[in-house]
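Remarks on the structure that follows.
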Amino acid sequence: MRSIIKLILPLPWLLVFYFISFSHSLSADTKSSLGKVSGGMAYSTPDWFKESFLDIKEDIAEAEQANKQVMLFFHLENCPYCAKMLEDSFTKEPLKSYIQSHFDVIAINIRGDREVALTEDQSLLEKELAKELKIQYTPTILFLDATNKPIQRLNGYRSPEQFEPILKFVADKAYQKQTLTEYLDKNATQALYEFKDNNLFQAITDFSSIKTPLAVIFEDQRCKDCEYLHTKLLTREDVLQEFKAFSVVRLDASSSNEIIDPNGNKTTPKAWAEALALDYRPGMVLFDQGKEVTRMDGLLYGYHFRELLRYVSSKAYESLGFHPYLGKRQAELLEQGININMSE
C-alpha cells in the first residue's frame with residue numbers, strides 16, 4: 001500500500017482555481033440556454049523540462065551532481081495562469097537560460113495519475129500529492145533542497161520581474177541565511193509604482209475592533225502588478241459590488257508606522273507582511289471575525305478575484321472549501337445563462 005507523504009509546509013490557507021466544464025453532462029436542448037465558460041488556454045510544457053520517472057529522491061541526487069536544484073512545476077490543463085507564466089518566464093530570455101542552467105524542472109499535473117515517489121517508501125499519484133500538499137493555486141512552484149526539503153513555494157503566476165530574484169534567492173542558496181522577504185528587501189530594485197488613491201480605502205489603523213469582513217491590501221513602491229489591480233480590477237463594477245461587504249484598507253508594506261493587527265497586537269505594516277509571509281505585491285489578505293480566511297498571493301483575473309471576495313462575504317467558507325464553492329458558483333452562473341471568462 002502506498003503511504004501518504006507527510007510534508008509539512010509553513011504556509012497559510014491558499015486559493016484553488018479549477019477550470020471546470022459542466023457542458024459534457026448537459027443534454028443538447030439545455031446547452032443552448034446556458035452560459036459558457038471561456039478563457040482557458042491550451043499550452044504544453046517546454047521540451048527541455050526534465051523527463052523524470054518521478055522518483056524525486058533520484059531527481060534531487062542527479063540535480064546535485066549537475067550543481068542544480070529541483071523545481072516542481074504543478075500545473076493544470078487549460079490554466080491561463082500556467083500558460084502565461086510558461087510563456088513569459090520559461091520560453092523567453094534571459095530567464096529561460098538561467099532556469100535551464102540552475103534548475104531541473106519537473107512538471108506535475110495536479111489531476112494526473114502518474115506515481116510520484118518522494119522517498120523509497122513514500123509515494124502516491126500526482127493528484128494525491130497535490131491534495132496532500134494543498135496545491136490549490138496553479139501554477140504552484142515548489143523548490144526542493146538537497147535533503148528533499150522545501151526551500152520556497154510560489155502560489156500562482158509571477159511576472160519575470162518578480163520571478164527572477166526568487167530564482168536567484170534559491171540558486172544562490174541565500175535561503176540558508178535569510179528569508180525571502182529579507183532577501184527581496186536587501187536586493188530591492190528601483191521604485192516602479194506610485195501609490196494610487198481609491199475611495200474604497202479606509203483610514204483604519206486598529207484592526208482589532210473591525211466587525212465586518214476585512215480586506216487588507218499590501219502594496220509597495222516596487223509593485224509591478226499594483227497597476228493592474230487599480231486599472232483592471234478595482235474599476236470593475238462587479239468587484240466593487242462585492243467589496244461593499246468589506247472594510248478595505250491599503251497598507252504600504254514598507255511602512256514602519258504603528259498599527260494594531262486583528263489580534264490586538266501592536267505591529268507595523270512591514271512587520272505584519274513579514275509575519276504573514278506575504279511576499280507578493282499587491283498581496284491581499286481577507287479576514288472575517290478577526291481571523292484570516294484566505295488570501296491573494298499571485299496574479300488573479302477578474303472572475304477569480306470577484307469570487308474570492310464573495311466566498312468570504314457570503315460566509316460560504318464556513319461550510320465549503322473554495323474549490324467546492326467555485327464549482328457550485330460556476331454551475332449557478334451557467335444555469336442563469338451567464339458567461340464566464342476565466343482570463344478577463
Side-chain angles (χ1 to χ4, degrees), residues 14-21 37-54 56 59 62-63 66 68-114 116 126-127 129-130 133-144 150-171 180 224-225 227-228 232 279-281 296-305 341-344:
L14 305 170
L15 314 181
V16 55
F17 297 126
Y18 289 101
F19 300 93
I20 306 167
S21 174
V37 178
S38 62
M41 296 183 184
Y43 64 89
S44 58
T45 55
D47 57 11
W48 53 265
F49 274 24
K50 183 174 183 181
E51 298 252 350
S52 172
F53 292 106
L54 299 184
I56 303 302
D59 288 325
E62 292 176 357
K68 295 183 178 182
Q69 297 190 69
V70 168
M71 178 197 303
L72 302 182
F73 186 89
F74 290 87
H75 66 106
L76 176 67
E77 292 179 5
N78 295 319
C79 163
Y81 304 102
C82 301
K84 181 172 176 58
M85 190 159 187
L86 288 170
E87 171 67 20
D88 292 350
S89 294
F90 289 82
T91 66
K92 295 178 180 177
E93 300 296 351
L95 290 193
K96 175 185 175 182
S97 294
Y98 187 86
I99 295 171
Q100 287 178 299
S101 298
H102 293 86
F103 298 94
D104 280 340
V105 187
I106 300 170
I108 296 181
N109 186 333
I110 67 168
R111 290 185 180 173
D113 292 312
R114 296 183 300 167
V116 182
E126 291 172 287
K127 58 189 177 186
L129 175 61
L133 297 182
K134 296 181 180 178
I135 303 295
Q136 302 175 70
Y137 205 177
T138 54
T140 287
I141 293 176
L142 185 64
F143 297 96
L144 301 175
I151 299 168
Q152 189 65 43
R153 175 168 167 168
L154 305 181
N155 305 295
Y157 173 87
R158 300 292 177 98
S159 68
E161 294 85 356
Q162 296 167 319
F163 194 33
E164 183 176 17
I166 298 172
L167 291 170
K168 292 181 177 179
F169 170 75
V170 176
L180 176 59
K224 185 174 185 295
D225 288 347
E227 190 74 26
Y228 179 85
K232 298 296 184 181
D279 56 77
Y280 175 75
R281 305 288 183 267
M296 177 187 77
D297 53 359
L299 175 70
L300 296 186
Y301 296 127
Y303 170 71
H304 293 125
F305 188 82
N341 188 333
M342 299 289 186
S343 299
E344 188 178 80

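Values below: every heavy atom of this structure, side chains too, minus hydrogens, waters and symmetry copies.
The salt bridge (Lys or Arg N to Asp or Glu O under 4.0 Å) test applied to Lys96 returns no partner, not counting sequence neighbours. When the salt bridge (Lys or Arg N to Asp or Glu O under 4.0 Å) test is applied to Asp47, no partner is found at least two apart in sequence or on another chain.
Between His75 and Tyr43, the angle of the ring planes goes over 60°, which puts this pair in the perpendicular group of the 30/60° scheme.
The CG atom of Leu86 sits 15.0 Å away from atom OH of Tyr81, with the distance rounded to the nearest 0.5 Å. Distance check, rounded to the nearest 0.5 Å: CZ of Phe49 to CE of Met71 gives 7.5 Å. One finds the OG atom of Ser52 at 9.0 Å from the CG atom of Asp104 (value rounded to the nearest 0.5 Å). Distance CG/Leu144 to CD1/Ile106: 8.0 Å, rounded to 0.5 Å. Atom-to-atom distance recorded for Tyr157:OH and Cys79:SG is 12.0 Å, nearest 0.5 angstrom. Taking CG from Leu72 and CG from Leu54, the interatomic distance works out to 9.0 Å, rounded to the nearest 0.5 Å.
With salt bridges taken as basic N to acidic carboxylate O contacts below 4.0 Å, none links Asp225 and Arg281. Salt-bridge formation is detected for the pair Lys92/Glu87: a Lys NZ or Arg NE/NH1/NH2 atom is positioned less than 4.0 Å from an Asp or Glu carboxylate oxygen. In summary, Arg158 and Asp279 engage in a salt bridge, as defined by a charged side-chain N under 4.0 Å from a carboxylate O. At a threshold of 4.0 Å, the pair Glu62-Lys68 does not count as salt-bridged, since none of the basic side-chain nitrogens sits closer than that to a carboxylate oxygen.
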- side-chain contact (heavy atoms from CB on, under 4.5 Å) evaluation trace for Gln100 with Val105: CA-CA 8 Å; Gln100 287 178 299; Val105 187; over 6 Å; no
- In sequence, state the C-alpha distance, the side-chain angles, and the governing distance for Ile141 and Gln152, and then conclude on side-chain contact (heavy atoms from CB on, under 4.5 Å). CA-CA 8 Å; Ile141 293 176; Gln152 189 65 43; over 6 Å; no
- Message: Set out, in order, the CA-CA distance, both residues' side-chain angles and the distance that settles side-chain contact (heavy atoms from CB on, under 4.5 Å) for Phe53 and Asp59, then state yes or no.
- Response: CA-CA 8 Å; Phe53 292 106; Asp59 288 325; over 6 Å; no
- Task: Evaluate the side-chain contact (heavy atoms from CB on, under 4.5 Å) criterion for residues Asn155 and Arg153: first the C-alpha distance (whole Å), next the side-chain angles of each, then the deciding distance (0.1 Å), finally the verdict.
- Result: CA-CA 7 Å; Asn155 305 295; Arg153 175 168 167 168; 3.1 Å; yes
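With a 6.0 Å radius and a threshold of 12 heavy atoms from other residues, nucleotides or ligands, Lys224 has its NZ atom at or below the threshold. Summarising the local packing, CD of Glu51 is surrounded by 12 or fewer heavy atoms from other residues, nucleotides or ligands at distances under 6.0 Å.
Closest of all the heavy-atom pairs between Cys82 and Phe73 is O-CZ, 4.5 Å. In plain terms, the two heavy atoms of Met85 and Phe90 that are nearest each other are O-CD1, 3.5 Å. Between Tyr228 and Gly302 the shortest heavy-atom distance is OH-N, 4.5 Å. Taking every heavy atom of both residues into account, Pro80 and Met342 meet most closely at CG-O, 4.4 Å. Here the closest heavy-atom approach between residue Phe163 and residue Leu95 is recorded as CD2-CD1, 4.2 Å. Closest heavy-atom contact between Glu126 and Asp113: OE1-N, 3.4 Å.
Taking the side chain as every heavy atom from C-beta outward, Phe74 and Thr138 never approach each other to under 4.5 Å. Annotation: side chain of Gln69 is in contact with side chain of Val170 (closest heavy-atom distance under 4.5 Å).
The side-chain contact (heavy atoms from CB on, under 4.5 Å) test with Ile135 is passed by exactly one of Thr140, Ile108, Leu142: Thr140.
Between the side chain of Glu164 and the backbone N or O of Glu161 there is no donor-acceptor pair closer than 3.5 Å. Between the side chain of His304 and the main chain of Leu300, no donor-acceptor pair closer than 3.5 Å is present.
Using modelled atom types, one finds no donor on one side chain facing an acceptor on the other under 3.5 Å when comparing Tyr301 with Asn341.
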